[in-house]
**Student:** 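Submitted below is the structure of interest, expressed as C-alpha cells.
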There are 4 protein chains.
Amino acid sequence: MKVVGILGSPRKYGSSFKGLMLALKAAEKFGAQTEFYHLYQMDIKPCLGCVSEDVKVCRYPCIIEDDMRKLYDALIEADGFVIATPVYWYSPSGVVKNFIDRLTALENMIHIDGKSWLDGKVAGFIATGNDSGAMMAISQLMVIMNSMGVVIPPWSMAYTNELVDPLEKESFVTDALNVGRNVVLMAKAMKGEAVNRWYDPELYEWYEKELKDWIVELAREEEAKAEKPWKRFTS
Amino acid sequence: MKVVGILGSPRKYGSSFKGLMLALKAAEKFGAQTEFYHLYQMDIKPCLGCVSEDVKVCRYPCIIEDDMRKLYDALIEADGFVIATPVYWYSPSGVVKNFIDRLTALENMIHIDGKSWLDGKVAGFIATGNDSGAMMAISQLMVIMNSMGVVIPPWSMAYTNELVDPLEKESFVTDALNVGRNVVLMAKAMKGEAVNRWYDPELYEWYEKELKDWIVELAREEEAKAEKPWKRFTS
Amino acid sequence: MKVVGILGSPRKYGSSFKGLMLALKAAEKFGAQTEFYHLYQMDIKPCLGCVSEDVKVCRYPCIIEDDMRKLYDALIEADGFVIATPVYWYSPSGVVKNFIDRLTALENMIHIDGKSWLDGKVAGFIATGNDSGAMMAISQLMVIMNSMGVVIPPWSMAYTNELVDPLEKESFVTDALNVGRNVVLMAKAMKGEAVNRWYDPELYEWYEKELKDWIVELAREEEAKAEKPWKRFTS
Amino acid sequence: MKVVGILGSPRKYGSSFKGLMLALKAAEKFGAQTEFYHLYQMDIKPCLGCVSEDVKVCRYPCIIEDDMRKLYDALIEADGFVIATPVYWYSPSGVVKNFIDRLTALENMIHIDGKSWLDGKVAGFIATGNDSGAMMAISQLMVIMNSMGVVIPPWSMAYTNELVDPLEKESFVTDALNVGRNVVLMAKAMKGEAVNRWYDPELYEWYEKELKDWIVELAREEEAKAEKPWKRFTS
C-alpha cells in the first residue's frame with residue numbers, strides 16, 4: 001500500500017504542509033508507505049496540449065523531460081495520493097494546475113492501451129487559505145480527478161478558510177487525518193477489507209498525544225531552513 | 001444491493017431520463033435492485049435551514065412532512081444512488097437543489113448519533129443540456145455528496161452539452177451505463193469484491209443489442225402520456 | 001433609478017437579510033428607490049424547461065401563473081438588483097435556484113425580440129454561511145447573471161463563511177454597503193456619471209453612525225414576528 | 001482607450017488565439033488600441049504567496065523579476081483586457097493560473113495605497129475546448145477578476161465545447177467579437193457614453209466581409225512558423 005503526498009504551496013511549513021503531513025501520518029498508521037513531493041522545488045513545465053493536435057501523441061512518458069517523470073512513476077506505483085494546495089484566488093495554485101494539466105499523459109493512456117493509468121487509485125484533498133474559496137478549489141480538484149478514473153472516498157477533504165494556525169483547529173486536524181485514513185481504507189476496501197465508518201473523530205486524540213509536538217517542531221525546523229525572499233521587503 | 005435513481009427533470013422522456021434509465025439498467029445487470037423517483041412529480045418543499053438555528057434540530061425525519069420522507073427512506077436502505085439533472089444555467093435544476101438541501105437531515109445525523117446516514121453510500125451523476133455547464137453542475141453535485149459522506153467511484157458521470165439525442169452518442173450511452181455499473185461495483189468492492197477495471201467500453205455493445213429498442217420505446221411511450229403545458233404556445 | 005432586493009433565505013432576520021438590507025440602504029443613499037422581495041414568502045414554482053422543447057415558447061410572461069410575475073415586472077423596471085442567499089451546500093438555496101431558472105423567460109426574449117430583458121441591468125450578490133462555499137455560490141450566480149446580459153460592477157459581492165453575527169464584521173458590513181453603492185454607481189455610469197473609485201471603505205463609518213442601531217432593531221423585530229416551526233424540536 | 005489581449009494557450013494559431021484576435025479586432029473597431037501578449041512565450045514564475053506572510057509585502061512591482069513586469073505595466077495603462085485560455089480540465093491552463101496568482105501584486109495595492117490597481121478596468125473572457133468545462137473555467141476567471149475590482153460587461157464571454165474550428169461557428173465568432181466590443185463600450189460607458197444594446201449580432205456580417213480571410217490566413221501563417229515538439233511522435 002503506497003500513498004503519495006503532493007504539496008502545491010511555496011512554503012514547506014505552512015497550513016497546506018501541516019495538513020498534508022497529518023494526512024500522510026494517518027495513512028502510515030493505517031498501513032501505507034508514504035512519499036512526499038514538493039512541487040515548488042521541482043521543475044514541472046506547463047502542458048503543451050499535444051492532445052488537441054493528435055489524441056494519440058499524449059501518453060506516458062510526456063514528451064517534456066522534466067521532474068514530472070518522477071511524479072508519473074510515483075503515481076503509477078501508488079494506491080492513492082493526497083494533493084495539498086493553498087487556495088489562491090478560490091482555486092489551486094498555478095503550480096498545482098500545471099501538475100494536473102501534465103497528468104493528462106497518464107489519463108490519456110485510455111486511448112493508447114484502453115485504461116487510464118490513474119484508474120482505481122484513491123485521492124484526497126487539502127486546501128488552505130484565510131478567506132473563502134476552499135470548497136471551490138476542492139470541487140475543481142475532485143471532479144478532475146474523478147474524470148481521470150480516480151476514486152473519491154467519503155469526506156476526502158480538509159480545509160481552512162480563516163486566518164488561523166490550522167493545528168489549533170480540531171476540525172481541520174481531524175479532517176486531515178481522516179483524509180489520509182480514508183485514502184488507505186478505500187484502497188483496502190477495493191481489495192476486500194470492509195469499512196464500518198468513514199469518519200473517525202477519535203483520531204484527534206491520537207494527534208494530541210502523539211503527533212502535535214512532532215508536527216509543530218517539524219514546521220518550525222522547516223521554516224528555519226526556508227529561504228524567504230520576501231523578508232527584506234517586510235513592512 | 002439497492003440503487004435509487006432520482007430524476008430532476010420536468011420531462012420523464014428527455015435526455016436526463018434516458019441517461020438515468022440506462023444507468024439503472026446497468027446497475028441491475030450487475031446485480032442491484034433499482035427504484036426510480038421523479039422529483040417533479042413529488043411534493044418536496046424547500047429546506048428551512050433549521051441547522052443554522054440549532055445544529056441538533058436538523059435530523060431524520062425532517063420536520064417538514066412531505067414526499068421527501070419517501071426519499072429519505074429509500075436512500076437509507078440503498079447502497080447507492082444516481083442523480084440525473086438537466087443543466088439549467090450551468091447547475092442542477094432548482095428542484096434538484098431543494099432535494100439536496102433537504103438531504104441535510106440525513107447528513108446532519110453525524111451530530112446526533114455520530115454518523116452521517118449517507119456514510120459509505122455510492123453516488124453517480126448524469127447531467128444533460130445543449131450548451132456548456134454540465135461539468136460545472138456535476139462538480140457541484142460531486143463535492144456536495146462527498147461532503148455528506150458519499151463515495152464517488154471512478155468516472156461517476158455522464159453528460160451532454162450539445163443539442164442532440166443522447167441515445168445517438170456512443171460516448172454518452174457508454175458513460176451512463178458505466179455510472180450504473182460503477183455504483184454497484186464500488187458498493188460490492190466495499191464488501192470485498194475486487195474490481196479490475198473501472199470503465200467498460202463494451203457495455204455499448206450490450207446497449208445496441210438489448211437496450212436500444214427498449215429505451216427508445218420507453219421514452220416514446222412516456223412522452224405520449226406526458227402533459228405538455230407549453231404545447232398551446234408553441235411557435 | 002430602481003434597485004430590487006431579493007432574499008433567498010427562509011429567515012427574514014438572518015445574515016443574508018441583514019446584508020441585503022445594508023445593500024439596499026446604501027443604494028438609497030446613492031439615489032435609488034428600492035424594493036424588497038422575500039422568495040420564501042412567495043409562490044414560485046420550478047421551471048418546466050419549455051425552452052428545450054421549443055426555443056420560441058419560453059418568453060415573458062412565463063406560462064406558469066404564480067408570484068414570479070411580480071418579480072418579472074419588478075426586474076423589468078429595475079436598473080439593478082441584489083440577490084442575497086444563504087449558502088446551502090456551497091451554492092444558492094433551492095428557492096433561489098428556482099427563481100433563477102424562471103428568469104429564463106426574460107433572458108430568452110433575445111430569441112423573440114432580439115434583446116434579453118435583463119440586458120444592461122446591474123447585479124450584486126450576498127451569500128452568507130458558517131462554513132466554506134460562499135465564493136462557489138457567488139461564482140455561480142455571477143456567471144449566470146452575466147450570461148443573461150447583466151453587468152457586474154467591481155467587488156459586487158459580500159459574504160460570510162464563519163459562524164458569527166455579520167453585523168460584527170466590519171469587512172462584511174462594508175462589502176455589503178459597497179454592493180448596493182456599486183450597483184447604483186454602475187447604473188449611473190452607464191448613463192454618463194464617471195466613477196473614481198469602486199470601493200469606499202468609509203461607508204462603514206456611516207453604518208456605525210446611522211445604520212447599526214436601525215438594522216439591529218429591524219432584525220430583532222422581524223425575528224420576534226417570525227414563525228419558527230423548528231422551535232418545538234430544539235435540543 | 002487601450003485593451004490588452006492575453007493568450008494562455010501554447011498555440012498561437014488555435015481556437016483561443018482565433019477568438020482573442022477577433023475580440024481585439026472588434027475592440028479596435030470600437031476605438032481602442034490593442035496589445036497582445038502570449039504567456040507561453042514569456043517567463044512568468046509562480047506566485048510565492050508572500051501575502052500570507054505579511055499583507056504589506058505583496059505590492060507592485062512583485063519581488064520576482066520576470067516578464068510579469070511587462071504585463072503589470074500593460075495592465076496598469078489599460079482600460080480593459082481579454083483573457084483567452086484553453087480549457088484544460090474544466091479550468092484555465094496552469095500558465096493562466098500562474099499569471100492570475102501574480103496579479104495579486106496589483107490587487108493587493110488596496111492595502112498599500114487604498115485602491116486595487118485593477119479597480120474599474122473591464123474584462124472579457126474566451127475559453128475554448130472540445131469537451132465540457134468552458135463555463136466552469138469562465139466562472140472561475142470572472143469571479144476572480146471581479147474580486148480584484150474589475151467590471152464585467154454583459155455577455156463577457158465566448159467559448160467552445162466541441163471539436164470544431166471555431167471560425168465555422170457563427171455563435172462563437174459573434175460572441176468573441178462582442179467580448180471585444182463590450183469591453184470597449186463599457187470602458188466608454190464609465191466615461192459617459194451610453195450604450196443601447198449589449199449584444200450586437202450584426203458583427204458577424206462584418207466578420208464575414210472583412211475579417212474571415214484575414215484571421216484564417218493569420219492562423220495559417222502562425223501555424224507554419226510554430227515549433228511543434230510533438231510532431232515526431234505523431235501516430
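Keep in mind that what you see is a predicted model, and the values were worked out from it rather than measured. Chain A is the first sequence line, chain B the second, and so forth, proteins listed ahead of strands; every chain is numbered from 1.
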**Student:** Does the side chain of D/Asn98 reach to within under 4.5 Å of the side chain of A/Asn98, using non-hydrogen atoms?
**Tutor:**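 Of all side-chain heavy-atom pairs linking A/Asn98 with D/Asn98, at least one is under 4.5 Å.
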
**Student:** Distance check, rounded to the nearest 0.5 Å: D/Trp89 atom CH2 versus A/Lys97 atom NZ?
**Tutor:**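 If we round to the nearest 0.5 Å, D/Trp89:CH2 and A/Lys97:NZ are 10.0 Å apart.
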
**Student:** Are side-chain heavy atoms of D/Thr104 and A/Tyr88 found at a separation under 4.5 Å?
**Tutor:**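 Heavy-atom side-chain distance check fails, nothing below 4.5 Å.
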
**Student:** What is the minimum heavy-atom distance between D/Gly49 and A/Pro10, and which atoms define it?
**Tutor:**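 In terms of heavy atoms, the two residues are closest at N-CG, 4.3 Å.
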
**Student:** Just how far is it from atom CD1 of D/Ile144 to atom OH of A/Tyr90, taken to the nearest 0.5 Å?
**Tutor:**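 If we round to the nearest 0.5 Å, D/Ile144:CD1 and A/Tyr90:OH are 7.5 Å apart.
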
**Student:** Please round to the nearest 0.5 Å and tell me the distance separating atom CG of D/Leu48 and atom OG of A/Ser9.
**Tutor:**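 Rounded to the nearest 0.5 Å, the CG-OG separation comes out at 10.0 Å.
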
**Student:** Under 4.5 Å from any heavy atom of chain A, what part of D/Phe99 do you find: side chain, backbone, both or neither?
**Tutor:**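 For D/Phe99, neither part sits under 4.5 Å from chain A.
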
**Student:** Below 4.5 Å from any heavy atom of chain A, which atoms of D/Pro86 appear? Answer side chain, backbone, both or neither.
**Tutor:**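 Contact with chain A: none, neither part.
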
**Student:** For the side chain of D/Arg11 and the backbone of A/Ser52, is there at least one donor-acceptor N/O pair under 3.5 Å apart?
**Tutor:**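 No.
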
**Student:** For the atom pair OG (D/Ser91) and CG (A/Asp101), what is the distance rounded to the nearest 0.5 Å?
**Tutor:**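 Going from OG on D/Ser91 over to CG on A/Asp101, the span is 6.5 Å.
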
**Student:** Identify which of D/Gly14, D/Pro92, D/Gly129 forms the greatest number of heavy-atom pairs closer than 4.5 Å to chain A.
**Tutor:**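 Most heavy-atom pairs under 4.5 Å with chain A: D/Pro92.
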
**Student:** Is D/Val55 close to chain A through its backbone or its side chain, or both, or neither, when contacts mean heavy atoms under 4.5 Å?
**Tutor:**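 Looking at D/Val55, nothing touches chain A.
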
